Amino acid sequence: MEILNVKNITKVYGQEQNKTFALNNINLTVQKGEFISIMGTSGSGKSTLLNVISGLDVPSSGEVYIKGKQLSSLSDKELTNFRRHHIGFIFQFFNLIPVLSTLENVTLPAILAGKNPEIVEKKAQDLLKLVGIGHLSHSKPSEMSGGQQQRVSIARALLNEPEFILADEPTGSLDSKTSKEILCILKNFCEHMNHTLIMVTHDAHVASYAHRVLFMHDGKIVDELSLSTCEHDRQKNIFDIISRIEGLKQ
Amino acid sequence: MKVLFKIALNSLAVRKNRTIFAIIGISMGIVLLVSSQILITSVEESHSDSIREQYGDYDLVVGYQNSNQFLSTQDIEQIKNINHIMDTSPFLYPYLSKEVEMQLSDYPSYVGFKDEKLAYEYPLIKIAEGNFPKEKEVLIPASFAKSKQLEVGSYIEWPFPPNRTQKIKISGILDTDQRLNHVAVFQYNWLQGITNNNNNTTALLIKLDSPTNKDDVVKAIKEKFPDTFIDKRKELDKERENIGGLKPIIQGLSIAVFIASGLIVISTLQMSIQEKQHELATLRLVAIDRKQIFLLILIEGCIIGVFSLLLGLMAGIISSMLLLELVGHLMGLAATDVTLSLPWINIILGITAAFLILIISSCVPAYQATKLSPLVAYHQSTSVHQAPTKKRAIISSILSLSTISLFLANYLYFEEKILYVMIALLLFCSLFISIPLIFIISTSFYNCLPKQLYSPEWMLASRNTLRQMRRNSQIASILIVGIHVLIIGNIILNSLKEGEETFLKEQYPFDLSIISLNPTEENGFSPKLFSQLQQIKELENIYFTNLVLLSTLNLPIHASGGNPELLVNEEKQAMLGIQGISFPIINEQGTVKVVDGTINEEDLGQNGVILNEKTSKQLGYQIGDEIEIGQFDDVISGKKYEAKTFILKGIIKDEKLDYTLLTTADIMSQQFGINSLYKIQININNPEKSSEIKANINKLLNDSAYSTTILYDQKQELDKIEKQSKQRLLILSVTVFLIIIMAGIGLMNNTASSIRERISELAMLRALGSSKGQLMRILLLEGSFITSLVGIISTLTATLIGCMFILALGSPVTSIPIKLIISLIVASPLLGLLSVFTPALWITRQNITQMLTK
């Protein structure tokens, strides 16, 4: 089932002579349950694409359809509501509220949506156990490691059972071992709970966890790769494409 | 140093808006300081000019009120040598009280003055036309000139007994003032000679170096010349007191303004340090040392201080010019009477003191900045929750609880006044120390609420308040100062006002009181005035003759009252006064209640007296008892005295006439030679005709025979007290209003800074699904949470402290400003809402994506 349809999206910054195309006529469709990685170097437009998909940013032209709904037709209130119920965010720097405990951070989106705190708390506890930090539900973010904080961030993103999860460099601040753990959790959620996951990364190894990798360069999707089951092949294929793109850059 | 200065300037310029608001906040305090100094000085000087115009600029009149006694030249020299006497000017009434005898009734009263500066201050020397008289010249009243068709330069022949008539030239005509209708002014020396009064002076005008030395001078004069009459010019002191009394209030309020300004500086600089931790860390990493960091922050404080002072000074002067007329009107001065006066010394001293306080305040955040570890600052990893240390929490808890306990113990058992003051100060200090603890307890209290009452906005708002604990504590401190000054000031001023009103009503219980300017034991005024007043139908009058001080000689042994130091034949006696009173005896409520015996004039006979119930019980005298007395001075000095016996004929219920024997005027005259009155108390039975009646009474009092009396109008005096009280409350309210505005500006700055620090966090909330409204509510709640909490607690503690100060003054706590307290509690959250509204609105309008990347 098609869950996301991006049609001719362009995002331009600056005026006439100083125009910059952050996104340049992007077209994309995503099926439910897919795990998509968007790769590219700094300034390629991958984070901008993520922001446009989520409705955080408005494209200069083109349309985004999520489950058939046109995002540009929604008011700010409707967009906010939409994000609350249909999208989960995972950020590179976790973006947890430092004054709230782990449990409170996880339940925050649901509390903001006006849901029953008791019901939500139970669900949050279960999610924390699922990501392996059930014992840290009353700790503050400053008392936890980066990996633990990112697990909180994941639990928060999943609490409202969103249609899809957007992750912007989720392992950017983590070491390799922790990154692997996080990626396994994300992949499990994708495959077993049928969440759609769109992840932005510049790391080929991280990208290799996805079903499909989109390569961006200068605001365009320049290539696409559906990945085989063999890990070695995946990474090799990714590196090949990157080299080709780097060659283009030169 | 130059580099540090440049960095500091740039740092402030980058955060332009915040810097501007901080400067505005501090300069408001300076405006208040400067304008209050200018306005009070201007009003005081204008008021002094007005007093001088009305009353003359001299402090005492010393002399005699008849033409049998005079001050000699040697007497005058002795008086001049008394400490604190700056200037004197003599005058002579050669025929005082002898006009009829000398057949001068058809002429104005002759008075001689010297042509000198002090003489011109006397109200009689107001020349409308012409010049001060020389020898054989005279200043005549305008009415006399008109009636006799005389003008300047005319000649008249007037008698100067015992010498012959003299041809004198009219040198000038006096002002058309009612007071000047009955006097003719001559050159002093010439009048002395022509009336055979060489070396004689009726009285001396005296100007002191300061009115505050009046009592000392009067005492010194009385010691040398006990028989002289001294006019202390109490009405002048009262007028001066009205404005002079405001000065201590303004000085006191200035201290509150200094404190508030200092707190704003600390708060602003701490915000600045918080925001540029990374910058400071970079500076430390590139080898700038702690001392230079200290100087950097101090320079920032100085820059803010200098701009604030300059702005405050200019705005203070301009606002004084604009407000001068209004303030003058509020103080009861006409617009034309008020002129601007700039007390440069006071202004400069005030500004200097303010600058020093700003510098000292800057040292606090500067010192804190030096404590930042470069790496900690570089990683922006400050403590999430600036919780007070355990030690501080324990100290503040103990302090708060012990002050409350001490207060209860003192109130219930000890009742020591000084202890009330100490407890009040302790409570005030403990409140400041306990601010963080109060915030924590309040948020913890919220956490105990059932989950159903949870609101995410409250949860986030309360936690963020704790996160900004240090800065919020400073804002809270400013608010605490303001609220305490307002409530305590109100309680004290209202209590003082009530005390003054009560005292006034005790002193002058009737609508009007005519009282002799002399003490009660000295010569008063003629009883003729009472007869004249009796002819005015709508009045109810009672008189009191002058009083004689007595000592009992036969006080019953069992008497609980009396004076243990007053011993006659080694037996304790009592000091009493005896006074004649008019009959029927009345008080302000009407006829006096008779407890026992009789109070009819006829029944008192030749030696009947009346006591009040309290005195008769204390002294043990009952109806029919003989009260043996002697004149107090004679008894106490051991001189030979004549014992007199009176019979107690009546006992009345009256709270005011303690230790006073009341009798008839005839008995006073026969037994003590007292033929004058000390006081007449008047009730007006027809309030509608009150103005007309008062005018009639004033007309009677214009007679020179009653020149030593003063009329007290109870309503007028109460109105004066009310007006004074309102003036003081207005000044208090304006000052506090400015302090609260400063707190509001501080809170706005604080919120703006806090928003900048957590902009990505707030963006994340929006990304997670928080609406703009929710974000706005979170921020508004943060602001109003601080102000509400501080408002409620401060209001309660301020009320308690105010009551303690009243108890320390020995007064009962009768007036608590309930309306003010409720208004403050209601207004407190509104202040928070208003202060944070603009920064909250700003953040909700920002682009989420841009905020996320910041």
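Letters go in sequence order (proteins before strands), and every chain restarts at 1. Remember, it's a predicted structure, so these values are computed and weren't measured experimentally.
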Any side-chain heavy-atom pair of [X] and [Y] under 4.5 Å:
| X | Y | value |
| --- | --- | --- |
| B:Leu768 | A:Arg83 | no |
| A:Thr80 | B:Arg766 | yes |
| A:Arg84 | B:Ser770 | no |
| A:Leu100 | B:Leu460 | yes |

With a 6.0 Å cut-off (strictly less than), is the heavy-atom count around [atom1] of [X], excluding the residue itself, greater than 12?
| X | atom1 | result |
| --- | --- | --- |
| A:Lys32 | NZ | yes |
| B:Phe837 | CZ | no |
| B:Tyr367 | OH | no |

Discussion item. Under 4.5 Å from any heavy atom of chain B, what part of A:Phe91 do you find: side chain, backbone, both or neither?
Written reply: side chain
Worksheet item: Which one of B:Ala767, B:Ala763, B:Ser771 has the most heavy-atom pairs closer than 4.5 Å to chain A?
Response: B:Ala767
Worksheet entry | Closest contact, heavy atoms only, A:Asn95 versus B:Met764 | O-CE, 3.2 Å
Item to complete: Name the member of A:Leu108, A:Asp76, A:Asn81 that forms the most heavy-atom pairs with chain B at distances under 4.5 Å.
Response: A:Asp76
Item to complete: Quick one: pull up OG in A:Ser101 and CZ in B:Arg463 and give me the separation to the nearest 0.5 Å.
Response: 6.5 Å
